Amino acid sequence: MTTTRLTVGQALVRFLAAQRTERDGVMHRLIEGCFGIFGHGNVAGIGQALLEAATLPGAPGGMPYYQARNEQAMVHAATGFARTRNRMSTLACTSSIGPGATNMVTGAALATINRLPVLLLPGDVFATRVSDPVLQQLELPHSGDVSVNDAFRPVSRFFDRVWRPEQLPAALLAAVRVLTDPAETGAVTLALPQDVQAQAWDWPDELFRERVWHVPRTPPEQAALARVAELIRSARRPLIVAGGGVLYSEATSALRDFARATGIPVAQTQAGKSSMRSDDPRCAGAIGATGTAAANELASMADVVIGVGTRWSDFTTASRTVFGDPGVRFASLNVASLDAVKQSGLALVADARAGLEALSAELARWSCDPDWTGRAASLSARWRDAVEAAYGARRAPLPAQAEVLGVVNEAAGDTGIVVNAAGSMPGDLHRLWRTGDPGTYHVEYGYSCMGYEIAGGLGVKMAAPGREVFVLVGDGSYLMMATELVTAVQEGIKLVVVCVDNHGFASIGNLSQSVGSQRFGTSYRFRGSSGQLDGGYLPVDLAANAASLGVDVLRAHTIDELRQALAKAVESDRVTLVHIETDPLADGAPDGGAWWDVPVAEVAALDSTRAARAAYEQEKARQRPYL
Ligand SMILES: Cc1ncc(C[n+]2csc(CCOP(=O)(O)OP(=O)(O)O)c2C)c(N)n1
Ligand SMILES: [Mg+2]
C-alpha cells in the first residue's frame, strides 16, 4: 500500500475533489468548490489546504475557493447551488470556530429541512486540550467534549467530529454517502478541531482515487405499486400533489405524461412549482395556504390524493384543512419512507421518476372521469384569468406587489429563474407566477428564511450561469442579509435583484392584523409622540445602500419604469439592483381561500384579539387528523 503524507486539511480537500456522482449515465463532480471565511479555527488547516489546491500548478485535487461575507449566507449559496443542480453537485463551506461556526447553524437547518445537500466544515476546539480554545470556550461544567458545534447535530443529517487523523476516511465516506442519498440528504457537518486540521498523517493513496457515487432510481415494490394503482382506479375525483422531489428526480416529463394519460389534475407545493408548465391544461397550480382557488377547490373535493415527492408541509395541507372530502385517502410516492407514510397514506417508496413510470404502466388505458378532468381545467383557466387581472391592475400612486411580480415574470419568460424566500412574496409567487422550464421557480419555503434571497440567488447563478437569475427581495430580508451582493460583484456573478420596498414587514403586518394584533411592530417607523413605533417612515435608502456595495442601481417609481429598468438589467453583464416602492396595504393578489393555523390569544383585553380568537376557533374546527 503506497501512502502520501498530508495534513488532515490537505487530505480532506484532495478527497473531496475526487468524488463524483452519477445518475442515468451522466457524471457530475460532487463538490464543485468551497466557500470559506477564515479565522484562527481554519486558516492554517483547511485554509492552507485550499491555498495549495487553488495555486500549486497541477495540484491533485484542485478545489476552487470562494470568499463569502457571512457564514450563514455562504451555506445558503451552497444550498441554492445544490437545488439548482438537482442535488447531484454541491459546495462545501469552511468556517472558523465559535461564532463563524454557529453562524452556519441556520443555513444547516434550512438545507436539511429542504432535503438539500451541503457539506459544512466548522473548525472546532483543540483535540489535545493542551491549549485552551481561545475566544470560544463554552466550558460546560458537566461535559468536557461538548463544543458549540454540537448545535449542528439536530440540524444535520450526518455529524461527526474528527478528533484524530485516523478517523478521517471513515468520516468522509459516511459524509458522502449521506450527501448523495436522495432519501437522507441534507446538511452534513464534519467538525474539525483546529490542531487536527494541521496534523500530518500517512494516508493510503486509495483514499484519493476518483470515486463514483451512483444515485439510485429506486423502483417501487410490486405489491405497493399494485395497492396504489388499485386506490387510484377506485377514485372518482383524484388529485396529484407534486413536490420538490419531482424536480430533483428529473421526473417532470414523467409527471406530464402520467397526468395526460390519466386526466388527473396536478397541484403543486412551493418546492414542486415548475414541475409542470403553468399553461398545461392539467396544471391546477399552487396548493395549500398559499394556493390557488382552483387547486384548493379541487383539494376540497378530491377523494384520492396522490403525493409525488412531497413531504406534506403544513402550508401544503393548509394546516390539515385543505382536503375536505370526509373519506379522502392518500397515496404518497416518495424516496423517503418518512414522507411516504404521512397522512396515513399508502406508501410507495421509490424514486419519483421510476415510480411515475411504473404507475403509468400499471394504469395503462385507465383514465379518470372526464367530467372531473374538465372541471379541473375550467377552474384552472378561471384562475389564469385572475392572474392576468392581478398582473394588469394599475394602482396609484404606488403599485401593488402583484403588478411588480407580473413585470418580473414577463422579463423572466420561460427560462429565467426567480429566487425568493420570505415575506409576502412567496405566497403571491406561489399563487401567481407563471412557470415555463423545470427548475425556474426557486422559492425557499421549507424554512422561509429571511436573508436567503441574495445569497441563495448567488448559488443559483453559480450553478446555472447560462440562465438569467431574478432575485426578489423584500426590504426586511434585504436589511437582514444583503451581504453576498459583495461576493457577486467580486466574482462577476451577474444577478438581477429586485428590491420590493414597503417599509417593513407587509406579510407579518397582514398576519398580525388577521390575528387581532393590529400590525404591531411590523413597519419601519420612528417612535412617535404616543411612545409607539407609529411615527414617520425611517429614511432608509436601500438603493443607495446597494450602490455602496458596488452594485449598479436603477430606481423605478412606476410599473413602466420597472419594465424599462429590468430590460436594462437583463442587457447588462453586471450585478444590478432595481429598487421599487410598493403599497404594503395592497398586495393585489387574488385569494386562494385557504387557512393557516396561527394560534390567537385565548384571553385578551383587546376587542381586535377577541374577535380574531372567535374566527380562529371556527376555522380550527375544520382541522382533520387524516388518520
Ligand atoms: C430569519 C427570519 N426571521 C424572521 C422571520 C419571520 N418573518 C417572515 S416574513 C417577515 C417579514 C419580511 O419582510 P420583508 O422582507 O420586507 O417582506 P414583506 O413582508 O414586506 O413582503 C418576517 C419577520 C423569518 N421568516 N426569517
Ligand atoms: Mg417589506
Side-chain angles (χ1 to χ4, degrees), residues 290 386-412 418 420-434 443 450 453-454 470-480 482 496-514 518-526 528 532-547 551-569 576-591:
T290 54
V387 172
E388 186 68 27
Y391 275 2
R394 287 291 171 262
R395 282 175 192 270
L398 289 176
Q401 184 164 283
E403 301 170 58
V404 171
L405 301 187
V407 178
V408 181
N409 205 165
E410 182 186 298
V418 64
N420 185 243
S424 55
M425 280 188 277
D428 287 356
L429 286 166
H430 196 205
R431 274 187 281 267
L432 302 176
W433 192 263
R434 295 167 177 155
V443 174
M450 287 172 77
E453 294 86 349
I454 290 167
F470 296 85
V471 173
L472 283 162
V473 61
D475 53 325
S477 259
Y478 182 97
L479 282 171
M480 207 167 273
V496 178
V497 181
V498 180
C499 179
V500 178
D501 193 344
N502 51 24
H503 306 286
F505 304 162
S507 54
I508 307 299
N510 293 335
L511 180 63
S512 167
Q513 195 156 14
S514 74
Q518 305 177 12
R519 309 188 87 88
F520 179 67
T522 61
S523 56
Y524 290 159
R525 291 166 183 267
F526 283 107
Q532 302 301 322
L533 297 176
D534 58 2
Y537 283 120
L538 301 182
V540 182
D541 187 342
L542 298 181
N545 180 277
V551 169
D552 286 356
V553 170
L554 300 166
R555 292 175 192 262
H557 303 95
T558 63
I559 289 297
D560 285 339
E561 283 180 23
L562 175 65
R563 189 175 282 118
Q564 287 157 18
L566 283 173
K568 221 167 150 181
T576 307
L577 180 138
V578 182
H579 180 271
I580 185 155
E581 207 181 320
T582 57
D583 183 348
L585 299 178
D587 91 345
D591 190 24

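In this text, all values refer to a predicted model and were calculated from it rather than measured experimentally. In this chain, numbering begins with 1 at the start of the sequence shown. No hydrogens, no waters, no symmetry mates; every other heavy atom, side chains included, goes into these values.
The line from CZ of Phe526 to CG of Leu533 is 11.0 Å long, rounded to the nearest 0.5 Å. Atoms CZ and CG, on Arg434 and Leu405 in that order, are 11.5 Å from each other to the nearest 0.5 Å. The CD1 atom of Ile454 lies 6.0 Å from the OH atom of Tyr478; values are rounded to the nearest 0.5 Å. Rounding to the nearest 0.5 angstrom, the gap separating the CG atom in Leu585 from the CD atom in Gln513 is 7.5 Å. Taken from CG in Asp587 to CZ in Arg395, the straight-line distance is 8.5 Å, to the nearest 0.5 Å. Separation of atoms CG (Asn510) and CZ (Arg519) is listed at 4.5 Å; rounding is to 0.5 Å.
For Ser523, the side-chain hydrogen bond (donor to acceptor under 3.5 Å, both in side chains) criterion is met by Arg525, not counting sequence neighbours. Here Gln532 pairs with nothing under the side-chain hydrogen bond (donor to acceptor under 3.5 Å, both in side chains) rule; sequence neighbours left out. Residues that satisfy the side-chain contact (heavy atoms from CB on, under 4.5 Å) test with Gln564, not counting sequence neighbours, are absent from this structure. For Asp428, the salt bridge (charged side-chain N to carboxylate O under 4.0 Å, His left out) partners two or more places apart in sequence, or in a different chain, are Arg431. Not counting sequence neighbours, Asp583 has no partner by the side-chain hydrogen bond (donor to acceptor under 3.5 Å, both in side chains) test. Every side-chain contact (heavy atoms from CB on, under 4.5 Å) that Ser477 has, sequence neighbours left out, goes to Ala422, Met450, Glu453, Val473. Scored by the side-chain hydrogen bond (donor to acceptor under 3.5 Å, both in side chains) test, Tyr524 finds no partners at all (sequence neighbours excluded). In this structure Ala547 satisfies the side-chain contact (heavy atoms from CB on, under 4.5 Å) test together with Val553, sequence neighbours excluded. Scored by the side-chain contact (heavy atoms from CB on, under 4.5 Å) test, Ser514 finds Leu511 as partners (sequence neighbours excluded). A search for salt bridge (charged side-chain N to carboxylate O under 4.0 Å, His left out) contacts involving Glu561 returns nothing, not counting sequence neighbours.
Summarising the geometry of Thr290 relative to Gly427, their closest heavy-atom pair is CG2-CA, 3.6 Å, with the distance given to 0.1 Å. Smallest separation of non-hydrogen atoms from Ser424 and Ala506: OG-CB, 4.2 Å. Taking every heavy atom of both residues into account, Ala390 and Pro590 meet most closely at CB-CD, 3.8 Å. Summarising the geometry of Ile580 relative to Thr558, their closest heavy-atom pair is CD1-O, 4.0 Å, with the distance given to 0.1 Å. Scanning both residues, Ala569 and Leu554, for their nearest heavy atoms gives N-CD1, 4.4 Å. Looking at every heavy atom in both residues, Ala565 comes nearest to Val578 through CB-CG1, 3.7 Å.
Each salt bridge (charged side-chain N to carboxylate O under 4.0 Å, His left out) pair with one or both residues in residues 396-407, not counting sequence neighbours, appears once here: Arg394-Glu403.
Among Val404, Leu432, Asn420, Val418, the single residue meeting the side-chain contact (heavy atoms from CB on, under 4.5 Å) criterion with Met425 is Asn420.
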Working note: Asp475 + Val540, criterion side chain to side chain contact (heavy atoms under 4.5 Å, CB included); need CA distance, chi angles, decisive distance, verdict. CA-CA 10 Å; Asp475 53 325; Val540 182; over 6 Å; no
Give the C-alpha distance, both sets of side-chain angles, the deciding distance and a yes or no for side chain to side chain contact (heavy atoms under 4.5 Å, CB included) between Leu479 and Leu542. CA-CA 8 Å; Leu479 282 171; Leu542 298 181; 3.7 Å; yes
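Atom OH of Tyr537 has more than 12 neighbouring heavy atoms from other residues, nucleotides or ligands inside a 6.0 Å radius.
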Atom pairs and distances, donor-acceptor, side-chain atoms in residues 497-504, under 3.5 Å, two or more places apart:
residue, atom, partner, partner atom, Å
Asp501, OD1, His503, N, 3.1
Asp501, OD2, His579, NE2, 3.0
His503, NE2, Glu581, OE2, 3.0

